[in-house]
Amino acid sequence: LEEIEMAELYVRNATTFAPDGSLDEDAFRQFLQRFVDAKIGVYLGSAGSGEGGALTADELLRVYRVGVEVCKGKVAVNGNPPEKPTARETLEHANLAIQGGVEVVNIYGPPGWHAYRPTDEEFVAFFDELLPQINHPVALAPNPTIGYSPKGSIIADLCRRYGQVVAVNLVNQGDDYFIELK
């Protein structure tokens with residue numbers, strides 16, 4: 001985190017579906033074009049909009065590929081796989097995004113579900129298992145909506161140790177967290 005750049009505007013967009021539940025590619029292309037026209041980058045296949053965890057692997061791959069076809073070279077086109085409880089499952093979803101051609105893959109840590117909260121050591125071990133297997137630009141997302149917030153110093157250390165980490169996406173974090181991270 002040697003250099004802090006001005007924030008760009010991104011959206012964790014929804015995926016369009018046809019009445020039969022299949023991906024409506026024409027509507028999706030039109031929807032994405034609106035973001036291109038407005039110069040807004042996209043995070044595809046997001047958990048926050050719901051479908052990222054509900055789509056099959058083939059559907060997610062198609063979402064990534066269509067998004068890249070429409071957006072790449074015009075606005076940032078990134079993948080936002082949903083949080084997964086294991087590094088193995090996270091890697092599977094990240095690889096779909098990479099295979100689909102996204103520029104950056106956003107990665108959450110292990111989720112704090114069912115009263116589980118990883119220790120600092122478990123959080124770091126998750127990324128120490130995961131990141132050596134990803135040779136692609138990554139954004140880390142220490143998002144408190146997954147059940148907790150790891151210390152900023154832990155995220156900063158991961159950034160120092162793994163060169164493929166190109167961004168940290170902060171949501172619902174205060175100024176103190178940003179300062180600690182910086």
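Y64 pairs by the side chain to side chain donor-acceptor pair (under 3.5 Å) definition with nothing, not counting sequence neighbours. For the salt bridge (Lys or Arg N to Asp or Glu O under 4.0 Å) test, no residue two or more places apart in sequence or in another chain qualifies with D24. When the salt bridge (Lys or Arg N to Asp or Glu O under 4.0 Å) test is applied to K151, the partners found at least two apart in sequence or on another chain are D120. Residues passing the side chain to side chain donor-acceptor pair (under 3.5 Å) test with R65, sequence neighbours excluded: none. Checked against side chain to side chain contact (heavy atoms under 4.5 Å, CB included), D176 has no partners two or more places apart in sequence or in another chain. Residues passing the side chain to side chain donor-acceptor pair (under 3.5 Å) test with N95, sequence neighbours excluded: none. Remark: F28 pairs with no residue by the ring pair (Phe, Tyr, Trp, His ring centres under 6.0 Å) rule, at least two apart or across chains. Remark: D26 pairs with no residue by the salt bridge (Lys or Arg N to Asp or Glu O under 4.0 Å) rule, at least two apart or across chains. By the side chain to side chain donor-acceptor pair (under 3.5 Å) test, E25 is found to be paired with R62, residues two or more places apart in sequence or in another chain being considered. F126 pairs by the ring pair (Phe, Tyr, Trp, His ring centres under 6.0 Å) definition with nothing, not counting sequence neighbours.
Linking ILVMFWY side-chain heavy atoms closer than 4.5 Å, directly or via other members, places V70 and L9 in a single hydrophobic cluster. Tracing side-chain contacts under 4.5 Å through hydrophobic residues (I, L, V, M, F, W, Y), one reaches V165 starting from F178; they form part of the same cluster. Connection of L91 to V102 is established within a shared hydrophobic cluster, with ILVMFWY side chains joined at heavy-atom distances below 4.5 Å, either directly or through further cluster members. Hydrophobic clustering, with ILVMFWY side chains joined whenever heavy atoms are under 4.5 angstrom apart, keeps I40 apart from V104.
No hydrogens or angles considered: a donor-acceptor pair under 3.5 Å links the side chains of D20 and S22. In the model, Y10 has no side-chain atom that pairs as donor or acceptor with a side-chain atom of N169 under 3.5 Å.
Considering all non-hydrogen atoms of both residues, C71 and V36 come closest at SG-CG2, 3.9 Å. The heavy-atom pair separating L44 from V68 by the smallest distance is CD1-N, 4.4 Å. Looking at every heavy atom in both residues, E89 comes nearest to K84 through CB-CB, 3.7 Å. Nearest heavy-atom pair across L130 and I107 is CD2-CG2, 3.7 Å. When all heavy atoms are compared, the tightest approach of G45 to V63 is N-CG1, 4.1 Å. Here the shortest heavy-atom pairing between V75 and E103 reads O-OE2, 3.6 Å.
A side-chain donor-acceptor contact under 3.5 Å links E180 to the backbone of S153. Under the 3.5 Å distance criterion, the side-chain polar atoms of N80 are left unmatched by any main-chain donor or acceptor of S46. Of the possible polar contacts, none joining the E83 side chain to the Y108 backbone as a donor-acceptor pair under 3.5 Å is found.
Going from atom CD1 of I155 over to atom CZ of R160 covers 11.0 Å, rounded to the nearest 0.5 Å. To the nearest 0.5 angstrom, T56 atom OG1 is 9.5 Å from L61 atom CG. To the nearest 0.5 Å, the span separating CD1 on I154 from CZ on F127 amounts to 10.5 Å. Taking CD of Q133 as the reference point, atom CG of D128 lies at 11.5 Å (rounded to 0.5 Å).
The side-chain heavy atoms of V168 and P142, taken from C-beta on, include a pair separated by under 4.5 Å. In this structure the side chain of I134 reaches within 4.5 angstrom of the side chain of I98, judged on heavy atoms. V138 places a side-chain heavy atom less than 4.5 Å from the side chain of L131. Residues V105 and H136 are in side-chain contact: their nearest non-hydrogen atoms beyond the backbone lie under 4.5 Å apart. Between H93 and P82, some side-chain heavy-atom pair lies under the 4.5 Å cut-off.
Listed by first and then second residue, the salt bridge (Lys or Arg N to Asp or Glu O under 4.0 Å) pairs involving residues 34-44 amount to none (not counting sequence neighbours). Identified under the salt bridge (Lys or Arg N to Asp or Glu O under 4.0 Å) test for residues 91-102, with sequence neighbours left out: R88-E92.
Classified by interplanar angle (parallel below 30°, tilted 30° to 60°, perpendicular above 60°), the ring pair F31/F35 is perpendicular.
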